[in-house]
Amino acid sequence: MNGHNDVEKMIMKANSAESVNPSQSSEKLSLVTKISYGLGDVGGQMVWNLSSSYLVLFYTDSVGLAAAAVGTLMFVARITDAVFDPIWGAFTERRHTKYGRFRPWMIWGGPPLAIFTVLTFSTIPGTEGVKLAWAIVTYMIQGLLYSVVNLPYGALATVMTRDSGDRVALSSYRMVGTNFGSIILGAITMPIVLMLSGGGDVATTGGFTATAALFSIASLPLFALVFFTSKEVVQPVPEETRVSLLSTFKTVLGNKPLMLITAMLICTMTSQFGRLGVAMYYIIYSLGRVDLAGWIMPIPPLFTIIGIAAFTRFAKRLGKKKMVMISILSSSGSLLLLFFAGPSNLVVVILLSMLYGLGLFATPIVLAMVPDAIDYQEDRTGVRSDGTSYAMTSLAIKVASALGGAIGAWCLAAFGYSADAALSERTLTGINVAVNLMPAAILLLGLIPLAAYPITEAKYQAIRARLEAKMSPTGKSADDE
């Protein structure tokens with residue numbers, strides 16, 4: 001559900017640590033079920049996209065909090081959320097209800113999440129310290145409640161069917177929902193905020209609060225739709241669910257390719273989250289075109305979809321590692337050109353924003369490297385840890401969300417940004433640094449773990465052959481036979 005395309009999280013443990021009752025139905029999922037599942041991520045974007053794209057701006061310009069304090073708030077809240085995720089995951093996968101283990105949280109968690117999203121985009125009278133305390137409490141609770149809904153939502157894809165094709169389809173519909181929601185909300189959010197602020201060019205606290213209420217209410221029927229159209233048909237066999245956590249933990253941490261993938265994800269997603277959190281400052285103050293926010297904000301995610309459709313197919317021919325390198329170089333190069341070109345030419349800004357979005361095609365490729373790393377470790381140690389390995393990618397994205405949101409705000413503070421003061425040339429330069437130069441630099445850091453990534457396409461084929469030989473009754477791989 002996150003713009004962050006949130007990975008399958010710890011819930012993949014349902015595949016690795018649990019056995020499936022063979023008597024359960026293997027009926028194919030209907031198109032309605034798949035579409036409804038994808039719409040659940042649109043509901044998630046109603047709250048996630050609003051927070052990740054506009055909360056820093058709301059805190060600094062509407063509430064009046066210092067940018068440095070906002071950066072620290074974002075960092076602490078997201079790290080807390082990252083720690084909470086595995087705890088909540090362990091709780092939900094062990095709690096059985098008459099509706100299933102994961103499905104009921106679409107209903108139970110939706111209303112509290114909606115309430116705290118509205119409270120997060122509101123403030124109370126008092127000093128800056130009082131307002132900061134309110135922001136800390138409401139934003140942290142909102143983040144925890146988002147996990148309450150989002151983790152079970154992701155888990156549903158692994159227990160709604162045992163058919164691998166349907167599982168791929170569910171993930172595809174989810175990705176469509178994520179990107180569709182991001183594009184639509186990027187186009188309509190700021191215009192709605194301004195309209196509900198009185199129709200001027202200044203976004204007020206009331207305008208943000210009313211928009212948050214509107215989006216939160218709209219998310220509830222989408223969550224409910226997932227609840228009513230989904231069914232958990234895959235259940236664990238209780239006596240076989242116990243696994244050695246210590247053994248799994250050691251296996252995952254000793255998996256060099258997986259640790260390098262985790263480092264890559266932290267770099268690439270920190271760059272994306274950091275830019276997303278401060279992009280509105282560039283549109284409002286550098287470009288001076290808040291009226292075009294609804295047109296400019298959707299450009300990167302729209303062209304990312306185009307890039308994924310156009311370029312990910314070459315991963316099989318050129319190799320995953322090479323395609324990720326091309327992605328990092330092209331997207332960071334576009335940001336560097338944006339930084340040095342400056343905001344004076346709107347056409348250039350739009351064209352380079354398109355190129356930046358096209359360059360962000362590699363996230364699905366990086367995630368597709370995770371199963372390769374899992375196979376690598378199984379071949380090396382004989383231990384397979386799908387669930388915990390996928391949880392590492394989830395942790396990486398949560399850490400990236402914390403770092404990205406914080407770094408953007410801290411960068412603004414370092415260049416003297418204050419909502420109450422006139423913007424100097426130095427501050428405008430700082431906005432350009434935060435939106436373009438800093439994300440480009442963080443992206444380029446991702447080349448370091450990528451260079452050390454050891455699994456080539458040829459090596460992976462050899463790994464698969466050895467694993468298939470172990471599973472084959474004849475001791476030979478399918479290719480040998």
Side-chain angles (χ1 to χ4, degrees), residues 3 45-78 113-143 145-146 182 185-186 188-216 219 273-285 290 293-294 296-297 401-402 404-413 417-421 423 431 434-435:
Q45 286 297 309
M46 293 283 186
V47 293
W48 174 258
N49 185 279
L50 188 66
S51 297
S52 59
S53 300
Y54 299 96
L55 194 56
V56 174
L57 180 69
F58 169 73
Y59 282 149
T60 59
D61 285 27
S62 298
V63 179
L65 299 179
V70 173
T72 302
L73 161 64
M74 302 294 285
F75 181 77
V76 173
R78 291 275 68 85
L113 174 60
I115 291 170
F116 270 89
T117 298
V118 176
L119 293 177
T120 299
F121 278 92
S122 63
T123 189
I124 57 176
T127 64
E128 183 176 347
V130 170
K131 293 179 179 180
L132 178 61
W134 173 266
I136 292 172
V137 172
T138 54
Y139 182 48
M140 289 185 69
I141 294 177
Q142 189 227 18
L145 288 171
Y146 180 72
S182 180
L185 293 171
I188 68 174
T189 299
M190 204 60 193
I192 291 177
V193 170
L194 293 175
M195 180 184 70
L196 296 178
S197 297
D201 291 334
V202 178
T204 65
T205 301
F208 273 112
T209 306
T211 303
L214 182 65
F215 287 0
S216 297
S219 72
F273 284 132
R275 190 175 196 273
L276 186 62
V278 293
M280 279 302 304
Y281 291 88
Y282 190 78
I283 295 171
I284 295 172
Y285 299 113
V290 67
I296 296 174
M297 287 294 284
S401 177
I407 289 173
W410 287 335
C411 187
L412 293 177
Y417 177 83
S418 174
D420 299 327
L423 271 64
I431 293 174
V435 175

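Just so you know, these numbers use all the heavy atoms, side chains as well, and skip hydrogens, waters and symmetry mates. For reference, positions follow the sequence shown, starting with 1.
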Can you name the nearest heavy-atom pair linking [X] to [Y], along with the distance?
X	Y	answer
Ser62	Ala203	OG-O, 3.3 Å
Arg78	Gly143	NH2-CA, 3.3 Å
Thr205	Val63	OG1-N, 4.4 Å
Ser401	Trp48	OG-CH2, 3.8 Å
Val56	Tyr281	O-OH, 3.1 Å

Q | Worked verdict on Gln142 versus Thr117 for side chain to side chain donor-acceptor pair (under 3.5 Å) | A | CA-CA 6 Å; Gln142 189 227 18; Thr117 298; 3.2 Å; yes
Q | With Trp134, the side-chain contact (heavy atoms from CB on, under 4.5 Å) member among Ile136, Val130, Thr138, Leu132 | A |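 Answer to the side-chain contact (heavy atoms from CB on, under 4.5 Å) test with Trp134 among Ile136, Val130, Thr138, Leu132: Thr138.
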Q) At what distance, to the nearest 0.5 angstrom, does CD1 of Ile431 lie from CG of Leu423? A)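 Ile431 CD1 to Leu423 CG: 5.0 Å, rounded to 0.5 Å.
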Q: Could you tell me the separation between the CG atom of Leu276 and the CE atom of Met297, rounded to the nearest 0.5 Å?
A: 5.5 Å
Q.
For a side-chain contact (heavy atoms from CB on, under 4.5 Å) check, start with the C-alpha distance between Leu113 and Val47, then their side-chain angles and the critical distance, and finish with the verdict.
A. CA-CA 8 Å; Leu113 174 60; Val47 293; 4.0 Å; yes
Q.
Tell me whether Ser216 contacts the main-chain N or O of Ala213 through its side chain, where contact means a donor paired with an acceptor under 3.5 Å.
A. no
(Q) Assess the residue pair Phe58 and Met280 against the criterion (side-chain contact (heavy atoms from CB on, under 4.5 Å)); give the C-alpha distance rounded to whole Å, side-chain angles, the decisive distance to 0.1 Å, and a yes or no. (A) CA-CA 10 Å; Phe58 169 73; Met280 279 302 304; over 6 Å; no
Could you check whether any side-chain heavy atom of [X] comes within less than 4.5 Å of a side-chain heavy atom of [Y], counting everything from C-beta outward?
X	Y	answer
Thr72	Trp410	yes
Leu214	Ile192	yes
Leu57	Ile284	yes
Val278	Leu412	yes

Q | Side chains of Thr204 and Ser197, donor plus acceptor under 3.5 Å | A |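 Per modelled atom types, Thr204 and Ser197 side chains form a pair under 3.5 Å.
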Q | Chi angles and distances behind the side chain to side chain donor-acceptor pair (under 3.5 Å) call for Tyr282, Arg275 | A | CA-CA 10 Å; Tyr282 190 78; Arg275 190 175 196 273; over 6 Å; no
Q) Is it true that Phe121 and Tyr54 have ring centroids separated by less than 6.0 Å? A) no
Q: Let me see the working for Gln45 and Phe215 under side-chain contact (heavy atoms from CB on, under 4.5 Å), right down to the final yes or no.
A: CA-CA 9 Å; Gln45 286 297 309; Phe215 287 0; over 6 Å; no
